[in-house]
Amino acid sequence: MSNQTVLITGCSSGFGKLAAKTFQQKGWNVAATMRSPEKAGDLVELENVSVIQLDVTDADSINNAVEKTLATFGRIDALVNNAGYGGHGIFEQLGDEHIKAMFETNVFGTMRTAKAVLPHMRKQGSGVVINVTSMAGILGLPFTTTYSSSKFAVEGWSEGLAAEYTPFNIQVRTVAPGAFGTNFSSATDNAVQEGDEQLVAQAARVGAHFAGLGEQMRNVGGTEADPQDVADLIYRCATEDMPVHNVVGADAEMLMQQKNTLSQEEFLNYIRQMLTPQEAA
Ligand SMILES: NC(=O)c1ccc[n+]([C@@H]2O[C@H](COP(=O)([O-])OP(=O)(O)OC[C@H]3O[C@@H](n4cnc5c(N)ncnc54)[C@H](OP(=O)(O)O)[C@@H]3O)[C@@H](O)[C@H]2O)c1
């Protein structure tokens, strides 16, 4: 029985819930945190899993969750910053509140949670921080520019953090998934009805293009992308010697291969043609 402990954010569904179960099956203690613990479902029945309330936009709830985890399990060996959500719309449709809320969760929430856990890892003399980003954090994706920029922010921050915390024996990794069929698309904050007629019409056109593309991306390689692959990669990042940046999903791997093969301009043109309908509404 391992005495290692992981704290994961956003365990009510998707990758977070699967990661909680994966670590538990491997014998870890799991602080399965979520903003609404009534969504825990079968996690409450699992041995060595403690379901704890944590909303990444609320510093008190983060601090309470860290204290509860330490009181229950004594240490935190791995932190998985997984909580996050997406948003669609042409940039002018995305209002200040939309942009601020997105960064509040995806960027500041991630940093805030790390800041609450890192002092304990430093005291222990070891730890690993795993930040779930996205292919949208590696490629500047249209129609989701605030989401994309929030994930770019976390990728860049993680890279600097990885160098900064190596002397403390704390590793930092990112896991950038391609498209997977979790609850993600239904939790997306869409602003496609905002703005003038031209923007609404263009958003409808791009949205239809994206819907087909999402389906295609989830099925690159002939089979539906399995969210368990993301949970498994998160686990590997906690337990194996891994690079700072990691992608997961056949679509993500295919895009990274193109990125590494083509010149920067060629790659941007390739992405533009694939992702954007070529005429405005
Ligand atoms: N699925 C994909 O295709 C995909 C691709 C690339 C990256 N990602 C990233 O993967 C991560 C997990 O997403 P998922 O696909 O598993 O989607 P999901 O099923 O919607 O899970 C997202 C989780 O984040 C939680 N969350 C949202 N805001 C929160 C907050 N303020 N505090 C705490 N928890 C919060 C949600 O909680 P509630 O249930 O309370 O809303 C939920 O547990 C996200 O960071 C997402 O950006 C997903």
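When a ligand or atom number is given, it counts from 1 through the structure's own listing order. Small disclaimer: the values here were computed from a predicted structure and weren't measured.
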Problem - ligand 1 contact on T105 by region, counting heavy-atom pairs under 4.0 Å - result: side chain
Problem - Protein heavy atom at shortest distance from atom 26 (N) of ligand 1 - result: A83 CB, 3.8 Å
Problem - Atom CD of Q264 with >12 non-hydrogen neighbours under 6.0 angstrom - result: no
Handout entry: ligand 1 N/O within reach of A179 N/O, cut-off under 3.5 Å
Key = no
Problem - E240, CD: over 12 other non-hydrogen atoms inside 6.0 angstrom - result: yes
Problem - Heavy-atom pair of closest approach, residues G10 and N82 - result: O-ND2, 3.1 Å
Completion exercise
re atom 4 (C) of ligand 1, the protein heavy-atom contact at minimum distance is F15 CE1, 3.8 Å
Handout entry: Parallel, tilted or perpendicular, as decided by the 30° and 60° cut-offs, for the rings of F108 and F103
Key = tilted
Exercise for the section: Can you pull out the closest protein heavy atom to atom 7 (C) of ligand 1? Residue, atom name and distance to 0.1 Å, please. Expected result: T133 O, 3.0 Å
Handout entry: Considering all heavy atoms, the nearest T110-W157 contact
Key = CG2-CZ3, 3.6 Å
Exercise for the section: If you have a sec, work out which protein heavy atom is nearest atom 31 (N) of ligand 1 and how many Å separate them, to one decimal? Expected result: D55 OD1, 3.0 Å
Practice task
State if M34 counts as touching ligand 1 under the rule of any non-hydrogen atom under 4.0 Å.
Solution key: no
Problem - Heavy-atom closest pair, residues V154 and S158 - result: O-OG, 2.6 Å
Practice task
Compute the minimum heavy-atom distance from K17 to ligand 1 and say whether it is under 4.0 Å.
Solution key: no
Fill in the blank from the handout: In terms of heavy-atom contacts, A238 and V128 come closest through CA-CG1, 3.9 Å
Practice task
Starting from atom 33 (C) of ligand 1, find the nearest protein heavy-atom neighbour and note its residue, name and distance.
Solution key: L54 O, 3.5 Å
Problem - Shortest protein contact, atom 42 (C) of ligand 1 (heavy atom only) - result: S12 OG, 3.4 Å
Practice task
Return the option from G16, A19, A187, G84 holding the heavy atom at the smallest distance from atom 22 (C) of ligand 1.
Solution key: G84
Exercise for the section: Look at atom CG of N260 and say whether more than 12 heavy atoms of other residues, nucleotides or ligands are closer to it than 6.0 Å. Expected result: yes
Practice task
Provide the number and element of each atom of ligand 1 under 4.0 Å from a heavy atom of S134.
Solution key: 6 (C), 7 (C)
Fill in the blank from the handout: Restricting to heavy atoms, the pick from V132, N82, V154 nearest atom 44 (C) of ligand 1 would be N82
Problem - Shortest protein contact, atom 40 (O) of ligand 1 (heavy atom only) - result: R35 NE, 2.8 Å
Practice task
Please could you name the atoms of ligand 1 that K39 approaches to less than 4.0 Å, counting only its heavy atoms?
Solution key: 38 (P), 39 (O), 40 (O), 41 (O)
Handout entry: Sub-3.5 Å N/O-N/O distance, S13 and ligand 1
Key = yes
Problem - Region of K151 that comes within reach of ligand 1 [heavy atoms, distance under 4.0 Å] - result: side chain
Practice task
Identify, for atom 23 (C) of ligand 1, the protein heavy atom at the shortest distance, and state residue, atom and that distance.
Solution key: G10 O, 3.8 Å
Problem - Hphob cluster co-occupancy, L141 + M217, side-chain heavy atoms under 4.5 angstrom - result: yes
Exercise for the section: Provide the number and element of each atom of ligand 1 under 4.0 Å from a heavy atom of Y147. Expected result: 6 (C), 7 (C), 8 (N), 9 (C), 46 (C), 47 (O)
Problem - Where F180 and G249 come nearest, the two heavy atoms and their spacing - result: CZ-CA, 3.8 Å
Exercise for the section: Could you tell me which atoms of ligand 1, counted from 1 in the order shown, lie closer than 4.0 angstrom to a heavy atom of G14? Expected result: 16 (O), 19 (O)
Handout entry: Heavy atom of S186, distance to ligand 1 below 4.0 Å
Key = no
Handout entry: Same apolar cluster: Y147 and I271, side chain cutoff 4.5 Å
Key = no
Handout entry: Heteroatom proximity flag, Y85 to ligand 1, N/O under 3.5 Å
Key = no
Completion exercise
To the nearest 0.5 Å, atom OG of S126 lies from atom CZ of F168 at 13.5 Å
Handout entry: More than 12 heavy atoms from other groups under 6.0 Å of CD on E92
Key = no
Problem - Polar proximity ligand 1 side, P177 side, N/O cut 3.5 Å exclusive - result: no
Handout entry: Residue pair G127 / M121: nearest heavy atoms and the distance that separates them
Key = CA-SD, 3.8 Å
